[in-house]
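Protein chains get the first letters and strands the later ones, always in sequence-line order, with residue 1 at the start of each. Owing to the predicted nature of the structure, the values given are computational and were not obtained by experimental measurement.
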2 protein chains.
Amino acid sequence: MATTARKKPVKRRRSPIQSRGQATVDAIVEAAAQILARKGPAAATTNAVAARAGVSIGTLYQYFADREALLQEIGRRHVAEMQAVLAGALTGIDGLALPAAVDRLVAAIVAMHRVAPRLHQALHQSLARDHLDTIDAFEVAVEGMVSRALETRDELDLSHPELTATVLVRGLGGLIRTTIRREPERLDDPALALAMRAMILGTLGESRRRA
Amino acid sequence: MATTARKKPVKRRRSPIQSRGQATVDAIVEAAAQILARKGPAAATTNAVAARAGVSIGTLYQYFADREALLQEIGRRHVAEMQAVLAGALTGIDGLALPAAVDRLVAAIVAMHRVAPRLHQALHQSLARDHLDTIDAFEVAVEGMVSRALETRDELDLSHPELTATVLVRGLGGLIRTTIRREPERLDDPALALAMRAMILGTLGESRRRA
DNA sequence: CGAGGATCTGAGCAAAGGCTCATCTTCTCC
DNA sequence: GGAGAAGATGAGCCTTTGCTCAGATCCTCG
């Protein structure tokens, strides 16, 4: 797994060689993520980040070409974390019967978003429009994954697995994001999980080939 | 139907008396909305807005206490427009049979978002975190409206109409917003409309009292 | 130990943008 | 017609912020 300050375009900077440098980079990224999560994108100025990380701005710019690069790195780490949680919560799901599998899926999606709700939201804001490729790519990947999983289950007999996957993933994602923004505590509400379950099962049932 | 530069807190400014003033205010708001929609929140600087509106910054600040007030006014107008479109697209829906009603609903929701997709997205970004009360209030209102509509239809026999409404409204909203961001042209895809229909019908069916 | 690379420092430059104010122009209305 | 209110102007102040640079300090390793 690559680690630090690499960009695709033309934005490189020194990569840490000594462990001291690595620690510094981590401190910077974590400080930035914290500010982002607690006070939003506007508060995450490079100077503020450096201060919170306990390093000088000079040091920050030693590892990141510019503010944008820092944000992208945060996005990359966040996505990796979400992916890990998702994968973990989904292992062995193929062996389960449909209702149980759906329960698992709901739990997994919720868990994935619970990793860092505020940060997730902040990233969706700050990266939007420009380079939220990382997050987008992840979401696209999830849609593909779900699509394939749906195809595999013959019992479902969907007429358009991809479409169904798209609707489900984007719908659930939006639902959860909205809920996080407006009623964060509600994520733990079992009733909501049940409602999501109903939505998924209902959508699947209604999307059968001979519906 | 108040009109222009009124805030709740402590941010007032002259309200236009002469029609000239009203025209100026409209020009400013429209210019700002245009920039917001085309180039995003970052590009919507007060100077840029004034320039595009063909007035001086001084004039802009004659009617708006600060940039934020301007954004809020845009939000207010946008929400009003969406509300109008929604109401229009939904008239007489109570008399329709369920499948037809759902089709109408899907069309209405899509139409509502098509009013100004880019602006809608930009507002969600720029207002987020601080004062997007206006948009939030609207969304809450829509949830309430849908909840009541669901309750009315005895045929549905929902166990938790409110929950179902929440899930449907937030889910569909998120689905549409994500689609607008990633594949704007797809909003016109009839297959997507069908998929949304399936999602709604399925969710309703699966949310019955004795499910 | 000491050379040389890695790391870190922070004052401050330059750009950008929000917003003010002193002043001028246009309307309204008696 | 003209007084006074409404409307408009725009140079520029002031603050914020991204980012640079000339060095200082710390580490590694022969």
- [ ] Could you pick out which residue, G21(A) or A44(B), lies toward the 5' side of DNA chain C when each is mapped onto its nearest nucleotide?
- [x] G21(A)
TODO: For residues A101(A) and R153(A), report the shortest heavy-atom separation together with the two atoms involved.
DONE: CB-NH2, 3.6 Å
TODO: Go through DNA chain D in 5' to 3' direction and return only the first and the last nucleotide with some atom under 4.0 Å of chain B's heavy atoms.
DONE: dA6(D) to dA11(D)
Open item on the list: Taking atom CD as the centre, does E162(B) end up with more than 12 heavy-atom neighbours from other residues, nucleotides or ligands that are less than 6.0 angstrom away?
Closed with: no
- [ ] Could you check if a side-chain atom of L172(A) sits within less than 4.5 angstrom of a side-chain atom of M196(A), using non-hydrogen atoms only?
- [x] yes
- [ ] Figure out the CZ/P separation between F64(A) and dT7(C), and round it to whole Å.
- [x] 13 Å
TODO: Sequence neighbours left out, what passes ring pair (Phe, Tyr, Trp, His ring centres under 6.0 Å) with H160(A)? Give chain and number order.
DONE: none
Open item on the list: What is the separation between atom OH on Y61(A) and atom C1' on dA11(C), rounded to the nearest whole Å?
Closed with: 15 Å
Open item on the list: For T24(B) and A48(A), find the nucleotide of DNA chain D closest to each by heavy atoms; which residue's nucleotide sits nearer the 5' end?
Closed with: T24(B)
Open item on the list: With a 4.0 Å cutoff (strictly under), does any side-chain N or O of T46(B) reach OP1 or OP2 of dG17(C)?
Closed with: no
Task: Side-chain donor/acceptor of R170(A) to backbone N/O of E143(A), under 3.5 Å - done: no
Open item on the list: Rounded to whole Å, how long is the line connecting atom CD1 of I28(A) with atom P of dT7(C)?
Closed with: 12 Å
TODO: Let me know, please, whether G58(A) or A42(A) comes out on the 5' side of the other along DNA chain D by nearest nucleotide.
DONE: A42(A)
Show every donor-acceptor pair shorter than 3.5 Å between a side-chain atom in residues 105-114 of chain A and any protein atom, with sequence neighbours excluded, or say none if there are none.
unit_1, atom_1, unit_2, atom_2, d
H113(A), ND1, I109(A), O, 3.0
R114(A), NH1, D188(A), OD1, 2.4

Using atom types as modelled, flag every donor-acceptor pair under 3.5 Å from a side chain in residues 78-85 of chain B to any protein atom, sequence neighbours excluded.
none

TODO: Please examine the side chains of T178(B) and V169(A), heavy atoms only from C-beta on, and report whether any two atoms are closer than 4.5 Å.
DONE: no
Open item on the list: Give me the atom names and distance for the closest heavy-atom approach of E151(B) to P161(B).
Closed with: CG-CG, 3.6 Å
Task: Interatomic distance, Q18(A) CD vs dT7(C) P [rounded to whole Å] - done: 5 Å
Task: Pair E73(B) + R76(B): basic N to acidic O under 4.0 Å - done: yes
Task: Working for side-chain contact (heavy atoms from CB on, under 4.5 Å), residues R177(A) and R177(B) - done: CA-CA 11 Å; R177(A) 249 173 269 134; R177(B) 249 173 270 134; over 6 Å; no
Task: Net bend of the helix from dC1(C)-dG30(D) to dC30(C)-dG1(D), end axes of five pairs each, nearest 10 degrees - done: 10°
Might you list the N or O atoms of the protein lying below 3.5 Å from N or O atoms in nucleotides 12-16 of chain C, with each pair's distance?
none

Task: Atom pair distance, as rounded to whole Å: CG in L60(A) and P in dT9(C) - done: 11 Å
